[in-house]
Peer 1: 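Please find one structure pasted underneath; my questions will follow.
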Amino acid sequence: MASSATPEGTRRYAARFSGRAAEGHFRSSPALGTGEQRGLLLSSIGIGTYLGNPDAETDQAYTDAVVAAVEGGINVIDSAINYRFQRSERSIRAALEKLA
């Protein structure tokens with residue numbers, strides 16, 4: 001199992017939204033990253049996880065929002081170790097586990 005996105009995986013993901021996503025919603029990223037990261041297809045909009053209280057209710061809200069976003073055609077999810085004391089990253093992990 002890959003530990004990060006691959007061009008092939010993002011192409012398969014984008015194909016799931018053929019006819020449902022607007023033309024140009026997914027864009028190639030030839031200038032981003034190096035090696036395997038080149039050529040990823042990224043959604044034109046993303047979801048951020050910066051704000052919110054560091055509590056279980058907000059954790060669940062982020063998990064649910066990320067699941068809905070990915071199911072709706074978003075594959076750009078912004079997080080950082082300092083977002084909500086790393087709770088945002090844990091909420092994203094929970095969402096990805098639920099999606100898997």
Side-chain angles (χ1 to χ4, degrees):
M1 180 175 181
S3 61
S4 61
T6 64
E8 178 184 333
T10 59
R11 281 193 302 275
R12 282 194 318 266
Y13 177 77
R16 292 178 23 201
F17 298 93
S18 179
R20 294 191 301 154
E23 180 84 23
H25 174 64
F26 291 99
R27 301 171 186 174
S28 185
S29 63
L32 295 178
T34 60
E36 288 187 14
Q37 299 308 307
R38 291 190 179 277
L40 297 177
L41 287 181
L42 303 176
S43 56
S44 58
I45 60 174
I47 185 169
T49 62
Y50 177 59
L51 299 176
N53 294 322
D55 58 29
E57 182 179 355
T58 305
D59 292 344
Q60 188 60 53
Y62 267 120
T63 297
D64 294 345
V66 169
V67 167
V70 171
E71 288 177 339
I74 292 174
N75 69 347
V76 175
I77 305 167
D78 176 46
S79 187
I81 197 167
N82 65 316
Y83 289 5
R84 298 176 50 251
F85 306 102
Q86 202 176 11
R87 292 179 77 119
S88 288
E89 290 182 330
R90 293 180 185 131
S91 295
I92 291 168
R93 180 187 66 213
L96 295 176
E97 287 172 347
K98 191 172 192 179
L99 288 160

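We use all heavy atoms of the structure for the numbers below, so side chains are in, but hydrogens, waters and symmetry mates are not. This one's a predicted model, so the numbers in the text were calculated from it and none came from an experiment.
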Peer 1: Got a second to check how far Ile45's CD1 is from Ile74's CD1, nearest 0.5 Å?
Peer 2: 4.0 Å
Peer 1: In a check of side-chain hydrogen bond (donor to acceptor under 3.5 Å, both in side chains) between Arg84 and each of Asn53, Thr49, Asp59, which one passes?
Peer 2: Asp59
Peer 1: Is there a continuous path of hydrophobic side-chain contacts, each under 4.5 Å between heavy atoms, that joins Val76 to Val70?
Peer 2: no
Peer 1: I'd like to know whether Ile81 forms a side-chain contact (heavy atoms from CB on, under 4.5 Å) with Gln86, so could you lay out the CA-CA distance, the side-chain angles of the two residues, the decisive distance to 0.1 Å, and finally the verdict.
Peer 2: CA-CA 5 Å; Ile81 197 167; Gln86 202 176 11; 4.0 Å; yes
Peer 1: Check the orientation of Phe17 and Phe26. Use parallel for under 30°, tilted for 30 to 60°, and perpendicular for over 60°.
Peer 2: tilted
Peer 1: Looking at every non-hydrogen atom in both residues, tell me the closest pair between Ser43 and Asn75 and how far apart they are.
Peer 2: N-OD1, 2.7 Å
Peer 1: Looking at every heavy atom in both Arg87 and Asp55, which two are closest together, and how far apart are they?
Peer 2: NH2-C, 3.3 Å
Peer 1: Identify whether Tyr13 and Leu99 are in the same connected component of the hydrophobic contact network (ILVMFWY, side-chain heavy atoms under 4.5 Å).
Peer 2: yes
Peer 1: Determine the minimum heavy-atom distance between Gly39 and Ser28, stating which atoms define it.
Peer 2: CA-OG, 3.9 Å
Peer 1: Is any NZ, NE, NH1 or NH2 atom of the basic residue among Arg93 and Glu89 found under 4.0 Å from an Asp or Glu carboxylate oxygen of the other?
Peer 2: no
Peer 1: For the atom pair OG1 (Thr63) and CD1 (Ile92), what is the distance rounded to the nearest 0.5 Å?
Peer 2: 8.5 Å
Peer 1: Which heavy atom of Thr10 sits nearest a heavy atom of Ala5, and at what distance?
Peer 2: CG2-CB, 4.0 Å
Peer 1: List the atom of Gly24, the atom of Ser44, and the distance in Å for their closest heavy-atom pair.
Peer 2: O-CB, 4.4 Å
Peer 1: Can you hop from Tyr83 to Leu51 via hydrophobic side chains spaced under 4.5 Å?
Peer 2: yes
Peer 1: Taking all non-hydrogen atoms of both residues, which atom of Tyr62 and which atom of Ser91 are closest, and how far apart?
Peer 2: CB-CB, 3.9 Å
